[in-house]
A.B. asks: 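Structure below; questions to follow.
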Number of protein chains: 2
Amino acid sequence: MRLVVARCEVVYTGRLSAHLPMATRLIMVKADGCVAVHSDEGAYKPLNWMTAPNHLVEGEGEWVVSNRAGEKLVIRFEEVLSDSRHVLGPAPGLAKDGVEAELQRLLADAPFVLEEGLSVLRREYPTDLGPVDLLCRDPSGQVVAVEVKRRGEIDGVEQLTRYLERLNRDPALAPVRGILAAQAITPQARTLAAARGLACVEVDYDALREVEGNAPRLFPV
Amino acid sequence: MRLVVARCEVVYTGRLSAHLPMATRLIMVKADGCVAVHSDEGAYKPLNWMTAPNHLVEGEGEWVVSNRAGEKLVIRFEEVLSDSRHVLGPAPGLAKDGVEAELQRLLADAPFVLEEGLSVLRREYPTDLGPVDLLCRDPSGQVVAVEVKRRGEIDGVEQLTRYLERLNRDPALAPVRGILAAQAITPQARTLAAARGLACVEVDYDALREVEGNAPRLFPV
DNA sequence: GTGTATATCTCGGGG
DNA sequence: CCCCGAGGTATACAC
């Protein structure tokens, strides 16, 4: 990784045009070639950047970084205050818990926490509007579409409504009903869901991880 | 700005839980107090971070950064390879030339490219759900709501649907119909638009700039 | 590759 | 203060 502290001026042209007037900033060049320009205030993310792969040309007091899509980042240096290189080596990636993907996986393994007797037909069931998180069947044989969210808000209700409208056009599935499953559901989302005849279930994440630990014994496949 | 290169391990708990195993990384502390952990590869944005305002406690080989919302970032150091501070001073912000805003402006000047005989009543027509990009009238006198997007996706159809539902409650405007205008529209968005009786128009941005150049002569106001 | 959905989204504007 | 909308969104994942 190369770290340059310098008074510079930056121009980006590509998907839009952006300009940074002359000031002191940090320029970070990572091992994969991506370039980021940081100021000392404001945000954790860079003001301007160029993702890899790109082509960096170091000219006379000027860097030109361009990529295949025709985007260009030009950094014009007035004064370089510091320029250092560091060998960081490979680093293992970030492991995340508690994102929607994991919630979906946990629910797919334990759909009964949503409703007694529910079983999963498919995850990511495709429709021509996009994939339904979980397609299930209840003990009576009715198909149930489940939309999984970390936080249940109006968007989730809209999404579930779209899918149901689509699923119910398929005579092999109809009538399909819907469940919005989330760790927390806002009152507005509940109201809209109720108006559309959709069920809401709040899911206790920690309890679900407990269930996962026990499920293999309690519900052998 | 403080830049620390170190072998470290990072744990974030808050809106989710995330863990970075021991490896060499860059830790950036900006003047406003925000902390970011960068690896040497992958992305231009940090793996882990904590936005300002927060509270940083430097302990024995360990930093604990926490904020009012109860989020916590813990960095445990094994070996510090470099630790430097730089005074960058204030920097002027980023100036952008937007894209959707310009597309909207171009269409407002040449609504007839969307549909023969269309004229603009108002840009950013306010509703209590948000502003309608373009409110137009067709030759028959019917009001037409236009949602302008750079890329036409399902979100845009939902947005237009909400606005239309709102506009059609106003007897002075109803019945209002809708057009989704974008440089490119996905098949799924077309499907949903068709199901809702909304029109889709793909707009050639460059051609539109041509029209703008010619319009003053061809279509004098 | 295309397209959808998520994100510790971030960031800004308006009520 | 929240809500909404846009982002050079980036990123992951399925078809």
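We name chains A, B, ... by the order of the sequence lines, and we start the count at 1 in each one.
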A.B. asks: Would you mind telling me which of C:dT6, C:dT10, C:dA7 lies closest to the side-chain atoms of A:Tyr44?
C.D. replies: C:dT10
A.B. asks: Identify whether any heavy atom of A:Lys149 sits under 4.0 Å from a base atom; if not, whether one sits that close to sugar-phosphate; answer base, sugar-phosphate or nothing.
C.D. replies: sugar-phosphate
A.B. asks: Using a cut-off of strictly less than 4.0 Å, decide whether B:Arg162 has a side-chain nitrogen or oxygen near OP1 or OP2 of D:dG5.
C.D. replies: yes
A.B. asks: At 4.0 Å (heavy atoms only), tell me whether A:Gln104 reaches a base, stays on the sugar-phosphate, or touches nothing.
C.D. replies: nothing
A.B. asks: Using the C1' atom in both, what is the distance from C:dT6 to D:dG7, to the nearest Å?
C.D. replies: 15 Å
A.B. asks: Which residue, A:Leu47 or A:Arg123, contacts DNA chain D at a nucleotide closer to its 5' end, judged by nearest heavy atom?
C.D. replies: A:Leu47
A.B. asks: Return the value, rounded to whole Å, for the distance between atom CD of B:Glu153 and atom C1' of D:dG5.
C.D. replies: 14 Å
A.B. asks: Please tell me if A:Arg151 has a side-chain N or O lying less than 4.0 Å from either OP1 or OP2 of C:dC9.
C.D. replies: yes
A.B. asks: Nearest to the side chain of B:Glu147, heavy atoms from C-beta on, is which of D:dA6, C:dT4, D:dA10?
C.D. replies: D:dA6
A.B. asks: When all nucleic acid strands are considered with a 4.0 Å heavy-atom cut-off, which category describes B:Glu124: base, sugar-phosphate, or nothing?
C.D. replies: nothing
A.B. asks: Looking at every strand, decide which applies to B:Lys72 at a 4.0 Å heavy-atom threshold: base, sugar-phosphate, or nothing.
C.D. replies: nothing
A.B. asks: Output the rounded distance in Å from CG (B:Leu192) to P (C:dA5).
C.D. replies: 10 Å
A.B. asks: To the nearest Å, give me how far apart CG (A:Asp97) and P (C:dA7) are.
C.D. replies: 13 Å
A.B. asks: Can we call the ring centroids of B:Trp49 and B:Tyr12 under 6.0 Å apart?
C.D. replies: no
A.B. asks: Whole Å only: how far is the CG atom of B:Asp133 from the C1' atom of D:dC4?
C.D. replies: 13 Å
A.B. asks: Whether B:Thr186 contacts C:dT4 is assessed here as follows: a side-chain N or O lying under 4.0 Å from the phosphate OP1 or OP2. Is that the case?
C.D. replies: yes
A.B. asks: A:Glu100 or A:Arg150: which one's nearest nucleotide on DNA chain C is closer to the 5' end?
C.D. replies: A:Glu100
A.B. asks: Under 4.0 Å, counting only non-hydrogen atoms across every strand here, what does B:Glu71 touch: a base, just sugar-phosphate, or nothing?
C.D. replies: base
A.B. asks: Taking only the side-chain nitrogens and oxygens of A:Gln159, find out if one of them lies under 4.0 Å from OP1 or OP2 of C:dT6.
C.D. replies: yes
A.B. asks: Both A:Pro131 and B:Trp49 contact DNA chain C. Taking the nearest nucleotide for each, which residue is further toward the 5' end?
C.D. replies: A:Pro131
A.B. asks: Applying a 4.0 Å non-hydrogen cut-off, can you work out what B:Asp155 is touching in the nucleic acid: base, sugar-phosphate, or nothing?
C.D. replies: nothing
A.B. asks: Indicate whether OP1 or OP2 belonging to D:dC13 is found under 4.0 Å from a side-chain N or O atom of A:Arg105.
C.D. replies: no
A.B. asks: Under 4.0 Å between any heavy atoms, over every strand shown, what does A:Met50 touch: base, sugar-phosphate, or nothing? Just pick one.
C.D. replies: base
A.B. asks: Would you measure the distance from the P atom in D:dG5 across to the matching atom in C:dT8 and give it in whole Å?
C.D. replies: 22 Å
A.B. asks: For the side chain of A:Leu16, starting at C-beta, report the closest nucleotide among D:dG8, C:dT8, C:dT4.
C.D. replies: D:dG8
A.B. asks: Under 4.0 Å, heavy atoms only, any strand: does A:Arg122 hit a base, just the sugar-phosphate, or nothing?
C.D. replies: sugar-phosphate
A.B. asks: Over how many whole Å does the gap from A:Leu160 atom CG to C:dT4 atom P extend?
C.D. replies: 18 Å
A.B. asks: Could you state the interatomic distance from OH (A:Tyr205) to CG (A:Asp97), rounded to the nearest 0.5 Å?
C.D. replies: 5.0 Å
A.B. asks: Would you measure the distance from the C1' atom in D:dG8 across to the matching atom in C:dG14 and give it in whole Å?
C.D. replies: 25 Å
A.B. asks: Is there a side-chain polar atom (N or O) of B:Tyr163 under 4.0 Å from OP1 or OP2 of D:dG5?
C.D. replies: yes
A.B. asks: On DNA chain D, check which nucleotide each of A:Asn48 and A:Gln188 is closest to and give me the residue with the more 5' one.
C.D. replies: A:Gln188
A.B. asks: Against A:Val35, only a single residue in A:Thr51, A:Ile75, A:Val4, A:Asn48 fulfils side chain to side chain contact (heavy atoms under 4.5 Å, CB included); can you say which?
C.D. replies: A:Ile75
A.B. asks: Using atom OH of A:Tyr125 as one end and atom P of C:dA5 as the other, report the distance to the nearest whole Å.
C.D. replies: 16 Å
A.B. asks: Side chains of B:Gln183 and B:Lys149 only: does a donor on one sit below 3.5 Å from an acceptor on the other?
C.D. replies: no
A.B. asks: With respect to the side chain of A:Lys45, which nucleotide from C:dT10, D:dA6, C:dT8 is positioned closest?
C.D. replies: C:dT10
A.B. asks: Please state how far atom CD in A:Gln183 lies from atom C1' in C:dT6, giving the value in whole angstrom units.
C.D. replies: 14 Å
A.B. asks: Any salt bridge between B:Arg2 and B:Glu58, counting N to O under 4.0 Å?
C.D. replies: yes
A.B. asks: Could you tell me the separation between the CG atom of A:Leu73 and the P atom of D:dG8, rounded to a whole number of Å?
C.D. replies: 14 Å
A.B. asks: With side chain to side chain contact (heavy atoms under 4.5 Å, CB included) as the criterion, how do A:His86 and B:Leu26 come out once you've worked through the C-alpha distance, each side chain's angles and the decisive distance to 0.1 Å?
C.D. replies: CA-CA 9 Å; A:His86 306 269; B:Leu26 168 74; over 6 Å; no
A.B. asks: Charged N to carboxylate O under 4.0 angstrom, A:Glu165 versus A:Arg196?
C.D. replies: no
